[in-house]
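One structure is given here, and the rest of the page talks about it.
Side chains included, hydrogens not; waters and symmetry mates left out as well; all remaining heavy atoms used. Note that the structure is predicted; figures quoted are calculated from it, not measured.
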Amino acid sequence: MRIAVLGASGMVGSRVTREAAARGHQVLALSRKPASDDPAVTPVAVDAHDPAALRAALTASGADAVVLAVRTEPADRDFLVGTTRTVLDAAARTGARVLVVGGAGVLRSPGRPDLLVADDPAYVPDDLRPVAAAGVAQLRAAQEHAHGDWVYLSPPALLEPGLRTGRYRRGGDTLLTAADGRSWISAEDLAAAVVDELESPGAERHLTVVHRDGPPAA
């Protein structure tokens, strides 16, 4: 596949770029200051804050799939929603599939299907509410868009750099916990889950993953 990764210099995007290239895919690494010495990766300089430039870059990319893996600190809800719409606009023209690496806040709280993680203080303290709310708005923007070929992947509560084990458990729209009771995954294993989903799409429009002990999934 030809895969465009927006946010390719970030924690998740850089690992998705590396994972996809290692599997033999052609990767377009889109970011403000892209760089790569991997012959399978083509750096593309584009500022996601410029919708016209981003739309043009994606339209010209020839990508079969686009991975949207951008985040801001502090949370910028308008930017996240706007960028998601721009990516979906471009994909609607080219026919590319879009995988949005979103947030855990849009998942349902375990044991409380009526409560989003974003609204559960057990998982989201007050200082992280804006981040969770931005993720909820991002999912709503995708759901309201006319382009139908997209999937939203929520990480578990904790996402951090670590080891690539290839071991993860997949779920739907409810937060998952690992065998040790934590809701976590390494960014490397999340990247593996992203590329797995692109290679073998599931039926879910919204999914999540969590670390799993034991042998890799078949």
Side-chain angles (χ1 to χ4, degrees), residues 1-73 75-76 79-103 134-135 138 141-142 147 149-155 159-166 168 185-201 209:
M1 280 188 294
R2 189 170 175 85
I3 302 171
V5 181
L6 180 60
S9 61
M11 179 178 69
V12 173
S14 62
R15 288 162 174 80
V16 170
T17 296
R18 187 160 56 244
E19 178 78 19
R23 297 196 198 184
H25 300 293
Q26 295 181 334
V27 184
L28 301 174
L30 280 65
S31 66
R32 281 182 293 179
K33 297 180 180 180
S36 177
D37 56 5
D38 189 327
V41 177
T42 302
V44 179
V46 65
D47 188 346
H49 287 85
D50 184 339
L54 176 57
R55 191 178 297 110
L58 290 173
T59 301
S61 70
D64 302 299
V66 180
V67 177
L68 174 55
V70 297
R71 278 294 178 270
T72 59
E73 182 59 43
D76 187 336
F79 165 73
L80 197 60
V81 168
T83 301
T84 301
R85 288 173 177 161
T86 298
V87 169
L88 291 169
D89 286 345
R93 294 187 179 93
T94 64
R97 186 168 192 244
V98 176
L99 189 151
V100 180
V101 180
Q138 182 184 37
H147 182 54
D149 196 3
W150 59 267
V151 60
Y152 190 101
L153 173 58
S154 287
L159 172 66
E160 58 187 358
L163 298 176
R164 186 198 184 285
T165 69
Y168 66 87
I185 197 170
S186 69
E188 287 74 8
D189 279 342
L190 184 72
V194 167
V195 182
D196 285 347
E197 172 64 22
L198 293 180
E199 292 178 341
S200 301
V209 292

Fill in: side chain to side chain contact (heavy atoms under 4.5 Å, CB included) partners of S9, counting only residues at least two apart
S31

Worksheet entry | Heavy-atom pair of closest approach, residues T86 and P51 | CG2-O, 3.6 Å

Worksheet entry | Pairwise side-chain contact, V100 with V87, heavy-atom cut-off 4.5 Å (strictly under) | no

Fill in: 4.5 Å side-chain heavy-atom contact, L80 and T72
no

Worksheet item: Can any side-chain N or O of S186 pair as donor or acceptor with the backbone N or O of L163 at less than 3.5 Å?
Response: yes

Item to complete: Please list, chain by chain and in numerical order, all residues satisfying side-chain hydrogen bond (donor to acceptor under 3.5 Å, both in side chains) with T84, sequence neighbours excluded.
Response: Q138

Discussion item. Using the rule side-chain contact (heavy atoms from CB on, under 4.5 Å), only one of T83, V98, V101, V67 pairs with L6; which is it?
Written reply: T83

Worksheet entry | SB check R23 D196 (cutoff 4.0 Å) | yes

Item to complete: Any pair with a residue in residues 43-67 that passes ring pair (Phe, Tyr, Trp, His ring centres under 6.0 Å), sequence neighbours left out, goes on the list, sorted by first then second residue, please.
Response: H49-F79

Discussion item. If I compare all heavy atoms of G13 with all of V5, which pair ends up nearest, and what's the gap?
Written reply: O-CG1, 3.7 Å

Practice prompt. Could you list all the ring pair (Phe, Tyr, Trp, His ring centres under 6.0 Å) pairs where at least one residue sits in residues 3-23, not counting sequence neighbours?
Written response: none

Discussion item. For G162, is there any backbone N or O sitting under 3.5 Å from a side-chain donor or acceptor partner on E188?
Written reply: yes

Discussion item. Whether the side chain of S154 engages the backbone of G103 through a donor-acceptor N/O pair (distance < 3.5 Å, no angle test) should be reported.
Written reply: yes

Practice prompt. Can you tell me which residue pairs pass the ring pair (Phe, Tyr, Trp, His ring centres under 6.0 Å) test with a partner in residues 9-30, sequence neighbours excluded?
Written response: none

Discussion item. Between V12 and L159, is there a side-chain heavy-atom distance shorter than 4.5 Å?
Written reply: yes

Worksheet item: Under a 4.5 Å cut-off applied to non-hydrogen side-chain atoms, are L58 and D89 in contact?
Response: no

Worksheet item: Is a donor on one side and an acceptor on the other found under 3.5 Å between the side chain of H147 and the backbone of A90?
Response: no

Worksheet item: Which residues pass the side-chain hydrogen bond (donor to acceptor under 3.5 Å, both in side chains) test with E197, sequence neighbours left out?
Response: R97, R170

Item to complete: Mark yes or no for whether R71, through its side chain, and G102, through its backbone, hold a donor-acceptor pair below 3.5 Å.
Response: yes

